[in-house]
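Reviewing the structure listed below.
Throughout, a chain's letter reflects where its sequence line sits, starting with A, and its residues are numbered from 1. Values below: every heavy atom of this structure, side chains too, minus hydrogens, waters and symmetry copies.
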Protein chains: 2
Amino acid sequence: MLYADFMSSTLPPFPTPQEPVEEKPVLLELGTGTDESGLRADAARNRARLLDAAARLVAEHGAAGVTMEAVAAAAQVGKGTVFRRFGDRTGLLTALLDHSERKFQASFLSGPAPLGPGAPPVDRLRAFGCAALRRAADDLELQLAAEPCPDRRFVLPPRQLRYRHVVMLLRQAVPDADCELLAQTLMSYLEPALIFHLTRQCHMPMERLQAGWYDLVARVTGTAGPC
Amino acid sequence: MLYADFMSSTLPPFPTPQEPVEEKPVLLELGTGTDESGLRADAARNRARLLDAAARLVAEHGAAGVTMEAVAAAAQVGKGTVFRRFGDRTGLLTALLDHSERKFQASFLSGPAPLGPGAPPVDRLRAFGCAALRRAADDLELQLAAEPCPDRRFVLPPRQLRYRHVVMLLRQAVPDADCELLAQTLMSYLEPALIFHLTRQCHMPMERLQAGWYDLVARVTGTAGPC
DNA sequence: TTACGATCCGGACCGAGGTCCGTTTAATTT
DNA sequence: AAATTAAACGGACCTCGGTCCGGATCGTAA
């Protein structure tokens with residue numbers, strides 16, 4: 001199934017008021033070039049300036065300082081341009097995370113085992129969680145700020161990609177289970193908001209979260225335990 | 001540990017600009033009377049009118065129609081009053097859900113088994129999930145609209161109460177596990193945003209979600225399975 | 001080089017959440 | 001009943017996300 005088919009058959013029609021022009025990919029598409037493909041020269045230039053300005057603002061004032069107007073001003077660009085390019089604030093923040101997300105995607109899609117192909121599914125699952133935890137822990141603030149409203153949270157390409165990956169691994173590990181639901185459960189453990197709560201508000205060390213992931217994978221897949 | 005102690009030791013200092021006056025409870029406190037206790041007569045009256053107006057707006061225009069100004073106008077009250085009373089939009093929406101939430105709390109704290117005390121922990125856990133799923137399914141829209149920003153999501157009294165309940169049950173069922181983390185995992189399965197995605201966007205029937213909960217509880221507690 | 005159409009730009013504009021502070025009012029004390 | 005004070009009130013005001021559309025700009029074709 002093509003990506004577009006999958007999305008359009010899954011999503012109800014979203015009435016996007018001022019259709020953003022790109023930012024649909026975020027799905028790993030090796031070899032097709034950068035995000036600026038198909039953009040007019042000035043548009044590509046402005047896009048780069050905007051991302052640059054946004055990153056600068058994050059570095060200086062944190063994610064909260066990333067105001068659409070501030071970004072526009074810092075990039076010496078009109079406000080409307082920001083929205084045309086990225087759709088909304090969430091889109092801009094997501095674009096900032098896009099680079100590292102793609103690296104992560106590449107590593108579990110085609111990187112070295114055990115994260116990538118080659119290892120047994122349970123091992124890959126364990127590795128996946130660790131990598132996801134690490135990724136969530138770095139720039140947690142940005143991830144939180146980029147969290148979309150509830151009704152889009154589960155249908156964004158990066159999430160869908162991760163989800164399908166986990167479903168695939170689960171199908172291999174526990175063929176008779178409801179792998180869709182189990183996958184959602186596992187993914188929830190890696191949710192930035194939860195990581196934030198556990199580490200920043202409950203002061204749990206990352207080692208504990210990681211051990212918790214191993215334990216969870218073991219319980220869900222029926223591995224190990226006093227059997 | 002007192003509730004206030006728990007919260008203040010858990011939370012970083014939140015700079016609440018215009019301190020809301022109540023809405024701290026939401027924690028079941030049998031016998032202390034309604035929410036209007038300690039409020040000045042006019043304040044209590046306005047609170048009631050506001051909740052009434054808000055409920056009317058929800059019924060007429062959905063949760064999206066609940067504008068702070070609209071509520072204020074419909075209750076014939078100043079806008080500032082709404083914020084003074086409920087803190088923010090989330091607080092108002094939460095207050096709308098408070099009644100049913102308390103009923104739910106009462107049912108698992110002191111209602112009849114297996115949801116209430118008396119049944120084995122795993123049975124209580126199963127019943128808890130079913131009740132929570134049902135509750136999330138009713139007025140899903142309101143629950144989504146009432147979702148707080150990520151850094152408060154896990155520290156609100158209702159959530160904490162549910163969480164501690166699940167932790168307690170887990171400690172009885174699997175004493176040697178990291179019950180805090182397992183509890184968070186189980187709770188994530190009941191998150192309104194996820195329920196919304198699965199039922200409304202993936203069109204799963206509730207029966208499947210319920211079966212998924214039973215299965216999840218079984219796996220997490222090590223119950224059943226081909227042992 | 002010119003002409004043309006699609007794309008992009010920019011900033012005025014709007015709505016909604018949230019804040020501030022001078023004024024009013026309910027409870028309490030004398 | 002008058003005085004006092006803490007609490008509540010209300011709406012002007014601010015910020016920020018998001019929209020709109022007339023005008024500028026780019027790419028292209030003649």
Looking only at side-chain atoms of [X], point me to the closest of [options].
X      : options                   : value
N46(A) : dC9(D), dC9(C), dG17(D)   : dC9(C)
R84(A) : dT19(C), dC9(C), dG17(D)  : dC9(C)
K79(B) : dC13(D), dG27(D), dA16(C) : dC13(D)
L39(B) : dT19(D), dA8(D), dA16(C)  : dA8(D)

### Query
Closest heavy-atom contact between V155(A) and Q160(A)?
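Closest heavy-atom pair between V155(A) and Q160(A): CA-NE2, 3.3 Å.
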What is the distance, to the nearest angstrom, from the [atom1] atom on [X] to the [atom2] atom on [N]?
X      : N       : atom1 : atom2 : value
F86(B) : dG17(C) : CZ    : P     : 15 Å
D88(A) : dG18(D) : CG    : P     : 5 Å
R45(A) : dC26(D) : CZ    : P     : 8 Å
L50(B) : dA8(D)  : CG    : P     : 13 Å
E69(B) : dT19(C) : CD    : P     : 14 Å
M68(B) : dC13(D) : CE    : P     : 21 Å
F83(A) : dC8(C)  : CZ    : P     : 17 Å
L92(A) : dC16(D) : CG    : P     : 15 Å

### Task
Could you tell me whether the side chain of E147(A) and the main chain of C149(B) form a donor-acceptor pair under 3.5 Å?
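No, because the side chain of E147(A) does not come within donor-acceptor range (under 3.5 Å) of the backbone of C149(B).
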### Query
With no hydrogens and no angle check, is any side-chain donor or acceptor of R89(B) less than 3.5 Å from a backbone partner on V66(B)?
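Answer holds: yes.
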### Message
At 4.0 Å (heavy atoms only), tell me whether R40(B) reaches a base, stays on the sugar-phosphate, or touches nothing.
### Response
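Contact class for R40(B): base.
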#### Entry: Closest-nucleotide 5' rank along DNA chain C - winner of V77(A) and T90(B)
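The residue mapped nearer the 5' terminus is V77(A).
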### Query
Do any side-chain nitrogens or oxygens of T81(B) fall under 4.0 Å of OP1 or OP2 in dA8(D)?
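Indeed not, no polar side-chain atom of T81(B) lies that close.
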### Message
Taking 4.0 Å as the cut-off, does a side-chain nitrogen or oxygen of R85(B) come that near to OP1 or OP2 on dC9(D)?
### Response
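Yes, R85(B) has a side-chain N/O under 4.0 Å of OP1/OP2 on dC9(D).
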### Output field: ring centroids F128(B)/F104(B) closer than 6.0 Å
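Ring centroids of F128(B) and F104(B) are less than 6.0 Å from each other.
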### side-chain contact (heavy atoms from CB on, under 4.5 Å) assessment of Y189(A) paired with L209(A)
CA-CA 9 Å; Y189(A) 188 91; L209(A) 296 201; 4.2 Å; yes
### Task
Could you check G78(B) against T67(A) and say which one's nearest nucleotide on DNA chain D is further toward the 5' end?
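It is G78(B), whose closest nucleotide lies nearer the 5' terminus.
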